[in-house]
Amino acid sequence: MEKQNLISRMELNDNKAGMEGLDKEKINQIIYESSKGKLFMCSKFFENEQKKEEQLNQRIKEQQALVDSISPAQLHHGLKEANRVIKELQDCLDLSRTIVHVDMDAFYAAVEMRDDPRLKNKPMAVGSMGMLSTSNYIARRFGVRAAMPGFIGLKLCPNLVLVKPNFDKYTAVSKEIRGIFAQYDPHFSPMSLDEAYLDFTEHLNHRILSKSFSRLFLIRKEQGNDYETNSSKSAECLCDLNALLKPHLIASEEFEVLCGNSDEDMLVYLSTLNENNIYPLPGCCSVCNRKFPSYTLKLYGVSIEDAVLEMRNRIEQLTRLTASAGIAPNTMLAKICSDKNKPNGQFHIHPDRQEIDDFIRDLPIRKISGIGKVTEKLLGALGVKTCNDLYKQRALLYHVFSQISFQYFMRIALGMGSIYVERDEDRKSMSTEQTFGEINEPNELYSKCEELCQILAKDLDNEHLVGKTVSIKIKTVSFAVKTRSHSLQHFTNDEKLIFNAAKQLLKTEIEATQPDILRLRLMGVRMSRLTSQNCVQSSIQSMFKKNLKSETSRNYTNAMNISTDATSSTNNNQFKTEPEQLDPIFYYNSSNSPNLYRESDEEDYSHVCDSPPSKRSPLKDKVVLKSSTGTKKKIPKDNNKQTKTVEKDTILRFVYKKESTNTLLENSGHNNLKYVDVFITNENEEVGSSRSTGSSKSAETTSTSVISSFPSTHNKSSRPSFTSEHFNDSPLTCVNHEMKLPKDPPAISSSIESMTDPSFGMVTCPVCGQQKLNWPLEQLNIHVDLCLSKNTVKDILHRDEQTLRRSKALKRDGKELPDLSLPCKKRIKTQMTVESYFK
DNA sequence: GCGGATCAC
DNA sequence: TATGGTGATCCGC
């Protein structure tokens, strides 16, 4: 009966390698008792967990009510729709890729054990009394695992050794293993320090044709357990044998002879060798001066199993740490596979429908990345425990969950996951937060807030990022979490501007709590809607610096100074001396504020014009959407919508890419770049005019007025028409409509010069910074055009996205027999709009 | 655009 | 004594 009171959300999650067959009941009892705190005195944490549990139960009740309200006819409709969706998903099933998920075994713990042999046979965990990052396999037998507070770990396992984390060390090791990953897939996608997805498809294509010696590696004869005795005796070299010895090996005559021979020949040859007797290998390490250990030479085959084993063995040789891997046709399955034979093992699901079905059928849904304890419980209430249950209950799920969730579930039921391994290039937010002993004094709260803003500002600056939305996060001593955010008018990473916004948000919260006091245990500050600090502005500015200086227009240079160097601005002083006198919210709007940036382009679009379409591009036949799992979902692309020109095609590629990453798209400062286009070229009417159309389409931003105030003749003028207006378009300066154009506008040649290093013939794109040797002017023009156009595309997409959200919301509200509008529709809609932009 | 919630690591 | 930090996404409003 005590068991009934246990809180499911706090129960041990034994869904982890090395935690099978534990006495869950006993462990949960200990966790429960420890969390609850003393008799009659529940911990705040515990109370909050209870509250959340109740909320979840309420949600399940509501869910059940919804289920009960579904008529048989509706259910039948749901079944029909579900079957349709499944059919569509099956139609785009692609088993052609070979995806590998690699995961280091108990990574942090393993590193610590490697470096301190005393930990070898002890239960240990990395972390503190407050929280554990990971535990070794011995500790896992006691139920001690990551995300568990240390003091509970100690209750479960009194002999548990706690080791403080050493992230620098883990990062260094991570760098080593990533070096190996990159040799199998240069575009691998790291998920954390210790795991990554790799697409082995290309590697395997090459591997089949590879020479045997490229698959030959040195392996120490004594593994793992003997390392530490080795190192404690300082007897043998622990360096990377393959890096040190393989070059010698390959250079030796015997190997040269064998280079073109078969694996069989190589194996025969290897069998004739005496270990450690391969002339002319050195016997001593040139790095550490120690004797090389005894080793064998191992030849790996061309199969995927051998390739992954080779990679794992190489990781172990290099780091003395083991990794596990999963091989499958998509990331979702690969991820599950990597856990299957952990530690130090691998598992392969072949690209076979039946094999996938068999694997997935009885798999508990909790094994799927993206399904956590809440979703597990919500689905469990509908009788869904395994992946096949998802299929069985598809008619119901269709009605109960959103379209996105429903599709996600169906994909799971079919064993379908993303077949793309891509790095998420652009980060969407950056934050810093701290837990501390209670702070309730407003001044102390503000002080903490300021400290966090300082850190955040520095972090942003380190990555050359500026952002538009400032959020604070607060957690009360009762563990209640709140976030509050405010969007600024302009991009910034200025510490004081961030703090002003954050402070205002905090102030509101403090006041809202009154007459009670706001008692916090955590505070955080986040910046989102990020963009790059410098790309367009700096390159455009540098492009014209010469002209500006030579033309000696004071106005120009003033404009430049303000936007490039905020600290030199006199306005900055005003800010420093009297920041409190201004309502911070209004202060941001001041066009004189320092350190504000226009929205600008930050990405390198060199590939848009110059690279051949990437074979791995998801845009080729699929659109990739981020799913809630952090992995990517693919949606079929309508291939009939091919565009005709290279420009369109490449732009659309960009469009899909942006859509795929679901970036918060910004309307942007492309209008102040338009002039660059006019300036550089007036030949390419089509491209030029298309962008003009785009400019007017996006004319709903603050800069619109500047555009419209720009004499129309400027656009059409065949003469390169400079220009200060464009820089003055910056919110940092006043637009001076009266300003005269220079009598002698800067000649094209001089501008081009500024992009060109005459000594090397290197031409630099002023927008993306890409360099090319002797870049023909026509190509450069087209390239610059494309770089600039993307602002307009962004703008359209942004509004598209908003429209879509709104319509989706509306649809959901009146959802009786939901119209399952597949994301295909969404994509087409976007595409049509963007296409119309090119007309 | 905002805030809560969920999830991964 | 005592339950983290960072980033992302989705949903409902």
Side-chain angles (χ1 to χ4, degrees), chain A residues 9-10 13 16 31 34-38 43-49 52 55-56 59 103-104 107-108 127-134 146-155 165 167 170 190-196 335 366 368-378 401-405 408 424 426-437 452 455-456 459 468-475 479-487 505 521-530 625-633 661-664 798 801-802 805-806 808-810 812-813:
Chain A
R9 58 180 300 107
M10 292 176 58
N13 173 8
K16 196 167 180 71
I31 294 175
S34 315
S35 297
K36 195 170 177 180
K38 288 190 180 123
S43 76
K44 297 279 190 191
F45 176 81
F46 185 86
E47 284 176 7
N48 190 254
E49 289 299 300
K52 286 201 271 186
Q55 275 174 10
L56 179 55
R59 209 172 140 187
D103 193 351
M104 299 297 289
F107 185 48
Y108 297 172
S128 64
M129 288 298 258
M131 190 53 62
L132 302 180
S133 293
T134 189
M148 176 182 278
F151 71 92
I152 290 183
L154 278 169
K155 284 255 168 59
F167 287 104
Y170 312 145
M191 303 305 288
S192 63
L193 289 182
D194 78 314
E195 77 179 75
K335 167 90 181 159
R366 188 68 164 88
I368 276 87
S369 173
I371 296 194
K373 53 188 172 190
V374 173
T375 312
E376 180 187 29
K377 196 166 172 177
L378 286 171
F401 289 91
S402 72
Q403 289 163 28
I404 288 177
S405 298
Y408 171 59
D424 211 357
D426 32 82
R427 71 150 76 224
K428 289 153 192 74
S429 71
M430 182 184 275
S431 69
T432 183
E433 66 187 64
Q434 279 177 17
T435 294
F436 36 73
L452 292 167
I455 295 167
L456 179 61
D459 291 348
K468 251 195 168 182
T469 302
V470 177
S471 311
I472 63 162
K473 172 178 171 181
I474 55 176
K475 192 192 279 180
F479 288 88
V481 177
K482 272 183 195 164
T483 60
R484 294 290 178 262
S485 63
H486 173 76
S487 289
L505 294 168
R521 76 183 327 272
L522 171 144
M523 193 189 297
V525 187
R526 172 178 302 266
M527 183 69 97
S528 48
R529 291 183 69 190
L530 301 179
L625 289 180
K626 267 302 228 197
S627 81
S628 63
T629 69
T631 57
K632 287 158 186 175
K633 294 183 175 184
T661 50
N662 214 0
T663 307
L664 193 62
H798 185 195
E801 196 174 38
Q802 285 185 323
R805 283 223 179 108
R806 275 195 291 273
K808 228 171 67 179
L810 288 174
R812 190 170 306 286
D813 289 343

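First the proteins, then the strands, lettered A, B, ... as listed; each starts at 1. Heavy-atom basis, side chains included; hydrogens, waters and symmetry copies ignored.
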Would you indicate, yes or no, if [N] has its OP1 or OP2 atom less than 4.0 angstrom from a side-chain nitrogen or oxygen of [X]?
X: A:Gln55; N: B:dA5; result: yes
X: A:Thr375; N: B:dT6; result: no
X: A:Ser487; N: B:dG1; result: no
X: A:Ser34; N: C:dA2; result: no

Classify [X] by what it touches in the nucleic acid, base, sugar-phosphate, or nothing, heavy-atom distance under 4.0 Å.
X: A:Glu195; value: sugar-phosphate
X: A:Leu522; value: sugar-phosphate
X: A:Lys155; value: nothing
X: A:Ser471; value: nothing
X: A:Lys373; value: sugar-phosphate
X: A:Lys335; value: sugar-phosphate
X: A:Arg526; value: base
X: A:Met430; value: sugar-phosphate
X: A:Arg59; value: sugar-phosphate
X: A:Thr432; value: sugar-phosphate

(message) With a 4.0 Å cut-off on N to O distance, would you call A:Glu49 and A:Lys52 a salt bridge?
(response)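 Yes, A:Glu49 and A:Lys52 are salt-bridged.
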(request) Evaluate the side-chain proximity of A:Met191 to A:Asp103: yes if any heavy-atom separation is below 4.5 Å, no if none is. (result)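 The answer is no, as the side chains (C-beta and beyond) never meet within the 4.5 Å cut-off.
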(request) Flag the pair A:Gln434 / A:Ile455 as yes when at least one side-chain heavy-atom distance between them is below 4.5 Å, and no otherwise. (result)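 In contact.
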(request) Considering only atom P, compute the distance from B:dA8 to C:dT3 and round it to an integer number of Å. (result)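 Their P atoms lie roughly 23 Å apart.
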(request) In whole angstrom, give the distance that lies between atom NZ of A:Lys475 and atom P of B:dG3. (result)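 The distance from NZ of A:Lys475 to P of B:dG3 comes to 18 Å, rounded to the nearest Å.
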(message) If I take atom CD1 in residue A:Ile472 and atom C1' in nucleotide B:dC2, what distance separates them, rounded to the nearest angstrom?
(response)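 Roughly 13 Å, once rounded to whole Å.
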(request) Over 60° means perpendicular and under 30° means parallel, so classify the ring planes of A:Phe45 and A:Phe479, tilted if in between. (result)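 Taking A:Phe45 first and then A:Phe479, their aromatic rings stand perpendicular (interplane angle over 60°).
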(request) Can you sort out the partners of A:Ser133 under side-chain hydrogen bond (donor to acceptor under 3.5 Å, both in side chains), two or more places apart, ordered by chain and number? (result)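 Scan of A:Ser133 (side-chain hydrogen bond (donor to acceptor under 3.5 Å, both in side chains), adjacent residues dropped) gives none.
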(message) Quick check: on DNA chain B, is the nucleotide nearest A:Asp194 upstream (toward 5') of the one nearest A:Val481, or the reverse? Name the residue that is more 5'.
(response)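 The answer here is A:Val481.
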(message) Using heavy-atom distances to pick each residue's nearest nucleotide on DNA chain C, tell me which of A:Ser431 and A:Arg521 is more 5'.
(response)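 Upstream on the strand: A:Arg521.
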